[in-house]
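To keep things clear, I will list the structure first and then write my remarks on it.
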Amino acid sequence: MIKTEFLCKSFGKLDVLKDISTEIQKGEVVAIIGPSGGGKSTFLRCLNLLEFPTRGRVYIDNVDITTKNIDIKKVRQNMGMVFQHFNLFPHKTVLQNVTYGPIKVKKMSKAEADKLGLDLLAKVGLAEKSDAYPSRLSGGQKQRVAIARALAMQPEIMLFDEPTSALDPEMVKEVLEVMKGLANSGMTMAIVTHEMGFAREVANRILFLEGGRLAEDAPPDVFFTNPKSDRACQFLEKVL
Amino acid sequence: MMSDLINFDFIHSRYLFSMLPYTLAALDLDFSKIADNIPFILWGVPVTLSFSIASVLCGFPLAILLAIFKISGIKPLRWFADFYTSLFRGTPLLLQLSLIYFATPQLIGYSIPPFQAAVLAFSLNSAAYSSETIRGGILAVDKGQREAAMTLGVSYPLMMWDLILPQAFKNILPALVNETIALLKDSSLVSTIGALDLMRRGTVVASEKYVYFEPLIVVGFVYYVLVMSLTWAAQRFERRMRRSD
Ligand SMILES: Nc1ncnc2c1ncn2[C@@H]1O[C@H](COP(=O)(O)OP(=O)(O)O)[C@@H](O)[C@H]1O
Ligand SMILES: [Mg+2]
């Protein structure tokens, strides 16, 4: 479903990603972990071309999206993304945030979009907040709205960039629960996270990014009990 | 010692205030002399307002367009918008107005009416200033907003119109109100090309009656009331917008 080949990204002289080649299958949940500054966000953002790779290729459904005549807007509609800082639209209500994409991009009727939106809000446990503005919500609630907004485009892939890092500890769980439900429903997911327990429980595979290299690509059991690289050992010692 | 000084000041100012009516009387201010000209002056209000409103309505879309040029990735558009701004900020508004009014007939043989010349000059000029404000407002919107829109597959024009500009305007509203107030007052420059706005009417009455103070004070008072009303309306509007946060 997602495949990268020798993916490289540089910002000026700084090489942030170095020859990342990997593949994510349909229905797979992949956790991307590693030290800060290791290139996790950049890798994720290369998958939907929020950052354009310096070299290498990104395939989505066997289509190379780094070629010229790709309609990236179409590709992105099929890949939801959830950010660390939510990025909700502050001047729109919760429901308007969720239905904006379906109405304006997919040209869905308002009635249909509202129904879909309320359904999704119910799924993330926020049906009663549909008319509130984002500023009225807690961090955990905001992030759940952001997930509902991404899901409203009915994507086949969901990308998460540290979705719980900006949350107070007591709100982390409610967001992780929603993500767990999503994973169990068969969604293809790539999740940058520092929640090791969650990664171990929910992910099918761990990608360990360090210094711009894919230092480890292994199932959670193997990665957490028996990491190959010294770097991964040191990292796990620090965080576990 | 200190309290003496304060006391002195206090008494002194009391004295000045008590003298004020006599001072005014000494100036020989007499508004009854121009009482029958007051309606004539007040008819300048719709004139001044129509110049100002038309200029805002024309200048604003142009300002948005210029602001979008300035942040675009297309260099010639950026150059054009920057040069445009430097031109209109770098020369006096009075010069721009005179050029448009007096040079247009010579240039294209169209004798441009004062209203059109003024609205053209004011909107071109105010667009130069407002475009800078709007550019700043757009850049101040968190870049996460853009990214969220992009990941939903929203097109650039739609993103600007629905998501970025509304947030930008909310933040720059006070600055835009200031620019509108400046335009309202600068519209008095149309008196130099013969339009019968508030300012011009004041000077007409003055030269008719050979009194200068009274009509100009009336005109000043009317400008002041207009500006204060605008300020008041803007504040109310702003408060209503803030309520959604
Ligand atoms: N837009 C950018 N411009 C310049 N440098 C960047 C940019 N984005 C990321 N970087 C740099 O790339 C490196 C990797 O960043 P990032 O992918 O955010 O790492 P992580 O998410 O693993 O913490 C960091 O050194 C960061 O400073
Ligand atoms: Mg990051």
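Just the heavy atoms: all of them, side chains too, but no hydrogens, waters or symmetry mates, feed the values below. Throughout, a chain's letter reflects where its sequence line sits, starting with A, and its residues are numbered from 1.
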Handout entry: Tyr224(B) atom OH, over 12 foreign heavy atoms within 6.0 Å
Key = no

Problem - Any side-chain heavy-atom pair of Val154(B) and Tyr100(A) under 4.5 Å - result: yes

Exercise for the section: Evaluate whether atom CZ of Phe237(B) has more than 12 neighbouring non-hydrogen atoms of other residues, nucleotides or ligands under 6.0 angstrom away. Expected result: no

Problem - Partner chain B: residue of Asn48(A), Thr93(A), Leu50(A) with the largest heavy-atom pair count (under 4.5 Å) - result: Leu50(A)

Exercise for the section: Look at atom CZ of Phe83(B) and say whether more than 12 heavy atoms of other residues, nucleotides or ligands are closer to it than 6.0 Å. Expected result: no

Fill in the blank from the handout: When the 4.5 angstrom heavy-atom criterion is applied to Met153(A) and chain B, the contacting part is side chain

Exercise for the section: Go through the atoms of Phe83(A) and report whether side chain, backbone, both or neither lie under 4.5 Å from a heavy atom of chain B. Expected result: side chain

Exercise for the section: Nearest 0.5 Å please: distance from the OG1 atom of Thr151(B) over to the CZ atom of Arg76(A). Expected result: 8.0 Å

Exercise for the section: First locate atom CG of Leu163(B), then atom CG of Asn87(A), and finally report the distance between them rounded to the nearest 0.5 Å. Expected result: 11.5 Å

Problem - Arg55(A) CZ: over 12 foreign heavy atoms closer than 6.0 Å - result: no

Exercise for the section: Sort Lys74(A) into side chain, backbone, both or neither according to what part of it lies under 4.5 angstrom from a heavy atom of chain B. Expected result: neither

Exercise for the section: Would you mind checking which part of Gln145(B) comes under 4.5 Å of any heavy atom in chain A, side chain (CB onward), backbone (N, CA, C, O), both or neither? Expected result: both

Completion exercise
If one checks every heavy atom of Leu49(A) against chain B at 4.5 Å, the contacting part turns out to be neither

Practice task
Output, in order, the C-alpha distance, side-chain angles, deciding distance and verdict of side-chain contact (heavy atoms from CB on, under 4.5 Å) for Leu152(B) and Arg149(A).
Solution key: CA-CA 9 Å; Leu152(B) 291 175; Arg149(A) 177 176 69 178; 4.1 Å; yes

Exercise for the section: Can you establish whether the number of heavy atoms outside Asn184(A) located under 6.0 Å from its atom CG is more than 12? Expected result: yes

Problem - Atom CZ of Arg205(A): over 12 foreign heavy atoms under 6.0 Å - result: yes

Practice task
Give a yes or no on this: more than 12 heavy atoms of other residues, nucleotides or ligands lie within 6.0 Å of atom NZ of Lys123(A).
Solution key: no

Fill in the blank from the handout: For His91(A) and Pro166(B), the nearest pair of non-hydrogen atoms, with its separation, is CD2-CB, 3.8 Å

Practice task
Give a yes or no on whether Tyr156(B) atom OH has more than 12 heavy-atom contacts from other residues, nucleotides or ligands under 6.0 Å away.
Solution key: yes

Problem - Distance, nearest 0.5 Å, that separates CD of Glu51(A) from CD of Glu147(B) - result: 7.5 Å

Exercise for the section: Work out which heavy atom in Ser155(B) is nearest to a heavy atom in Lys73(A); give both atom names and the distance. Expected result: CA-CD, 3.9 Å

